[in-house]
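Structure first, commentary second.
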Number of protein chains: 2
Amino acid sequence: MTSSNKQTQTDKLAAEIGDAILSGVLAPGTRLDEHGLAEQYAVSRTPVREAIRSLAATGLVELRPRRSAVVAEITPAQLEVMFVAMGELEATCARLSAMSMTPIERRRLQNQHERMGALVESDDVAGFIEANLTFHALIYAGSHNGILADMAVGLRRRLDPYRRAQFRSPGRLPRSQAEHERIMQAIVSGDAAAAHAAMLNHVSLVEDTFIGLTATRAA
Amino acid sequence: MTSSNKQTQTDKLAAEIGDAILSGVLAPGTRLDEHGLAEQYAVSRTPVREAIRSLAATGLVELRPRRSAVVAEITPAQLEVMFVAMGELEATCARLSAMSMTPIERRRLQNQHERMGALVESDDVAGFIEANLTFHALIYAGSHNGILADMAVGLRRRLDPYRRAQFRSPGRLPRSQAEHERIMQAIVSGDAAAAHAAMLNHVSLVEDTFIGLTATRAA
DNA sequence: AAATCAAAAACTGCATGCAAAATCGCGAGG
DNA sequence: CCTCGCGATTTTGCATGCAGTTTTTGATTT
């Protein structure tokens, strides 16, 4: 079990329902019927209500007083806003990392980048996606600011479903790696402005790829 | 009534208890006894529990399973992190504002700044604090990014109790106004990098003032 | 007098029940 | 045929009750 059963039912439910939403099992707009969920998870309505309220605070569900809570709908406009916000947060973390990473952290980032080079060579998309998470997580952590890092992690988690597709674009891996190279170099050499710019550029390109995908799909 | 009684008890309680915490009525570390709060607000424990869970998601209270929730303690280290995070968020909003404010929004920011000049002249501290909120709110809104704006607002709200004191430092008003001048100019003229730098500088100085105050108090 | 441990009190987590609001369905009217 | 309104059903919001855990208290021992 990934989730320890030491915590309360409410916490387990919040995690479970949250995963269901993020993985698409519960589609946006779905009504969250308390009674139904209670029955489904074999608990009473009370913990379900509390879990829903927790999820509402994270933005995953929308609370409408006296009416069913629903899985939050994400309009293309909101998605755009979220991508921009995440880009800015990542860029900020990169900037802070350039300024305040310890030598060990810089070394780790460099190592991770080199490891990813091998994955690009072997065209291991799944491995690259996984390693990419770590790469970015190292930069969050390097900012030495848990609040900004948490915000970035939360947004990334939220956007993940929309990002998966884009690594399959042909030639995406080598391009990502090249962008990472610039980001990593800037951070390791302590060039805050360059780190910020490189990360912003990187994330913007990812976003553009995504927007392109949806535009194609929508058209 | 400031809070409309259209919403649910839970929402009202969350707002009420949240205000009590932010205003210092409920000091950090205080145990949030469900039974006691229920009695105090003349409701049952259920809405109290849900309100507490909401507040936990905002970071105002800390949830400890099977034990009382407590008002979150803020260590100086956390405070420092929060100040940095807020500074970065504000700077980012300023940058985005410089890039994407509409002409009308730029005009409004300019007007607000000029209005604050008069308050500095008359040394109206309370008025300046109020107007200062608006000034910064205009910049949040000008970023055209509700997510970043919400994050900034939330952090500002959270830090507000620690910020109040610092406007009373002698000569703070004119200095703030001068810094605002540079921020405003950069945004209005569309200089993103300058807006970012000016805002970061502004907020850092505020933070330094605060750190100075606490250091004095602690010593 | 301080420390230890056990019993009692208090409190949280969860289930259940009830009243009010919202939704749905059906029939009347245009 | 469509729209509107009214009653029935569903569903939320909140209160209350019970079981298990934590905390407190008081007695006992060193």
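Throughout, protein chains are lettered first and strands after them, A, B, ... in sequence-line order, and every chain is numbered starting at 1.
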Nearest-angstrom distance from the residue atom [atom1] of [X] to [atom2] of [N]:
| X | N | atom1 | atom2 | value |
| --- | --- | --- | --- | --- |
| A/R53 | D/dC14 | CZ | P | 8 Å |
| A/K12 | C/dC14 | NZ | P | 8 Å |
| A/Q9 | C/dA15 | CD | P | 6 Å |
| B/I52 | C/dG13 | CD1 | C1' | 13 Å |
| A/R64 | D/dT12 | CZ | P | 10 Å |
| A/R49 | C/dC14 | CZ | C1' | 14 Å |

(request) Output every pair passing side-chain hydrogen bond (donor to acceptor under 3.5 Å, both in side chains) with a member in residues 141-153 of chain B, not counting sequence neighbours, ordered by first then second residue. (result)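 Of all non-adjacent pairs touching residues 141-153 of chain B, those that pass side-chain hydrogen bond (donor to acceptor under 3.5 Å, both in side chains) are B/E105-B/H144.
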
(message) Going by side-chain hydrogen bond (donor to acceptor under 3.5 Å, both in side chains), name the pairs with one or both residues in residues 42-60 of chain A, residues two or more places apart or in two chains.
(response)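 Counting only pairs at least two positions apart or across chains, the side-chain hydrogen bond (donor to acceptor under 3.5 Å, both in side chains) contacts touching residues 42-60 of chain A are A/T10-A/E50, A/E34-A/R45, A/E34-A/R49, A/R49-B/E50, A/E50-B/R49, A/R53-B/D11, A/R53-B/S54, A/S54-B/R53.
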
If we ignore hydrogens and angles and just use 3.5 Å, is the side chain of [X] paired with the main-chain N or O of [Y] as donor and acceptor?
| X | Y | answer |
| --- | --- | --- |
| B/Q7 | B/K12 | no |
| A/S100 | A/S97 | no |
| B/R158 | B/M82 | no |

Expected rows: protein N/O vs nucleotides 16-21 of chain D N/O, under 3.5 Å:
{"from": "D/dT16", "atom 1": "O4", "to": "B/T46", "atom 2": "OG1", "distance (Å)": "3.2"}

(message) Between A/T10 and C/dG13, is there a contact of a side-chain N or O with OP1 or OP2 at under 4.0 Å?
(response)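 Answer no for this pair, as no side-chain N or O of A/T10 is under 4.0 Å from OP1 or OP2.
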
(request) Applying salt bridge (charged side-chain N to carboxylate O under 4.0 Å, His left out), name anything that partners B/R156, two or more places apart in sequence or on another chain. (result)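 Once residues adjacent in sequence are excluded, the partners of B/R156 under the salt bridge (charged side-chain N to carboxylate O under 4.0 Å, His left out) criterion are B/E90.
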
(request) Applying ring pair (Phe, Tyr, Trp, His ring centres under 6.0 Å), name anything that partners B/H113, two or more places apart in sequence or on another chain. (result)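 Partners of B/H113 under the ring pair (Phe, Tyr, Trp, His ring centres under 6.0 Å) test: none.
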
(message) Is it true that B/R107 and B/Q110 share a donor-acceptor pair across their side chains at a distance under 3.5 Å?
(response)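 No pair is found: no donor N or O on one side chain lies under 3.5 Å from an acceptor on the other.
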
(request) For nucleotides 5-11 of chain C, just jot down a letter per nucleotide in 5' to 3' order: B, S or -, based on protein non-hydrogen atoms under 4.0 Å. (result) ------S

